[in-house]
2 protein chains.
Amino acid sequence: MRIGELASETGVAPKTIRFYEETGVLPVPQRDTNGYRKYAPDSIDRLEFVRQAQAAGLTLKEIATILEMRDRGEATCHHTRAFLEAHLSDVEEQIAELERMRGRLSVMVERSRDLDPAECTDRNRCQAIPAV
Amino acid sequence: MRIGELASETGVAPKTIRFYEETGVLPVPQRDTNGYRKYAPDSIDRLEFVRQAQAAGLTLKEIATILEMRDRGEATCHHTRAFLEAHLSDVEEQIAELERMRGRLSVMVERSRDLDPAECTDRNRCQAIPAV
DNA sequence: GTAGACCTTCCAGTGCGCTGGAAGGTCAAG
DNA sequence: CTTGACCTTCCAGCGCACTGGAAGGTCTAC
């Protein structure tokens, strides 16, 4: 698979794929005789893992760390676990924060739903957002 | 209250507070006769809202938009609501993503917990992180 | 044999959210 | 009257995650 195909399979731009390689979240791929990057099918899974990890708030550096630990397959279990546990509690904290935000947002949405639209048009104070 | 006190009350650096003012997430404060910024006590709440909103993944621009809608108190209920609803579903999507990540992370942590530590020290493949 | 889609490298720029440092003003305590 | 903590503005730089563009090579189809 060439970079363009990997890009369209995953929705990640070729530029970004090269950038990921440079920063270490993707391994250096093989090359065709013409110099084009050649990817194995499992690159799709790896790239999707990267995007999901990003969506979960991990930085590229952190993702690279996790994947390099796996790729090296060295005696890093202890560090790996400490790292993973630290991230797990980060993620849990982020979830808690987001749930607080969700609560606030739905209160605001509810409030805006219940308002008489007529009140909105005559320069009354918009009541949807509570005093902060 | 001067900027230093607001900073120590909230844990946000004075530099950052000025920066927030510049970008519109904090209103332009009054000034003392000597030119120092003068903050009302409710600035603490506002600043804390900003930090919580940030922790929930909103950008400063988005936070500014929400707070400006409230500050202007104009006929923006409809837009406000659309905006809030869009954000609510963003936040819900982020929560879902984080929960997927939490699942993956705890599987990895569990796996690393169950491993025989002896296996980690002799260059065996670290099994904590599943193939990606 | 040429057009067009694809690939390569390299370097520069962008947007976000700060952060540092220079140069100077204000004020209370010793 | 000076020291030191605090404040002011302004401008520059940084880390992150891309993104754009130039200049050129490769391959297929017509």
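Order of the sequence lines fixes the chain letters, A, B, ..., with proteins taken first and strands second; residue numbering starts at 1 for each chain. In this text, all values refer to a predicted model and were calculated from it rather than measured experimentally.
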Handout entry: SB check A:E21 A:R18 (cutoff 4.0 Å)
Key = no

Completion exercise
Expected list for residues 12-26 of chain B near DNA chain D, using heavy atoms below 4.0 Å, is B:K15, B:R18

Exercise for the section: Tell me yes or no: between the side chains of A:R51 and A:Y20, is some donor less than 3.5 Å from an acceptor? Expected result: yes

Completion exercise
chain A reaches DNA chain C, atoms under 4.0 Å from its heavy atoms, from C:dC6 to C:dC10

Exercise for the section: Kindly indicate whether the side chain of B:L26, heavy atoms from C-beta on, has any atom under 4.5 Å from the side chain of B:S43. Expected result: no

Practice task
Decide side-chain contact (heavy atoms from CB on, under 4.5 Å) for A:L47 and A:V25; before the verdict, give the C-alpha distance in whole Å, the side-chain angles of both, and the deciding distance to 0.1 Å.
Solution key: CA-CA 9 Å; A:L47 199 38; A:V25 302; over 6 Å; no

Handout entry: From B:E92 atom CD to A:M101 atom CE, the distance as rounded to the nearest 0.5 Å
Key = 13.0 Å

Exercise for the section: Look at the side chain of A:D32 and the backbone N and O of A:N34, then say whether any donor-acceptor pair between them is shorter than 3.5 Å. Expected result: no

Practice task
May I ask you to say whether B:R100 pairs ionically with B:E93, meaning some side-chain N is under 4.0 Å from a carboxylate O?
Solution key: yes

Fill in the blank from the handout: Taking for A:N34 and for B:R2 the nucleotide of DNA chain D with the nearest heavy atom, the one nearer the 5' end belongs to B:R2

Problem - Check: A:T16 side chain, A:V12 main-chain N or O, donor-acceptor pair, under 3.5 Å - result: no

Practice task
Find which nucleotide of DNA chain C each of B:Q54 and B:Y36 is nearest to by heavy atoms, and output the residue with the more 5' nucleotide.
Solution key: B:Q54

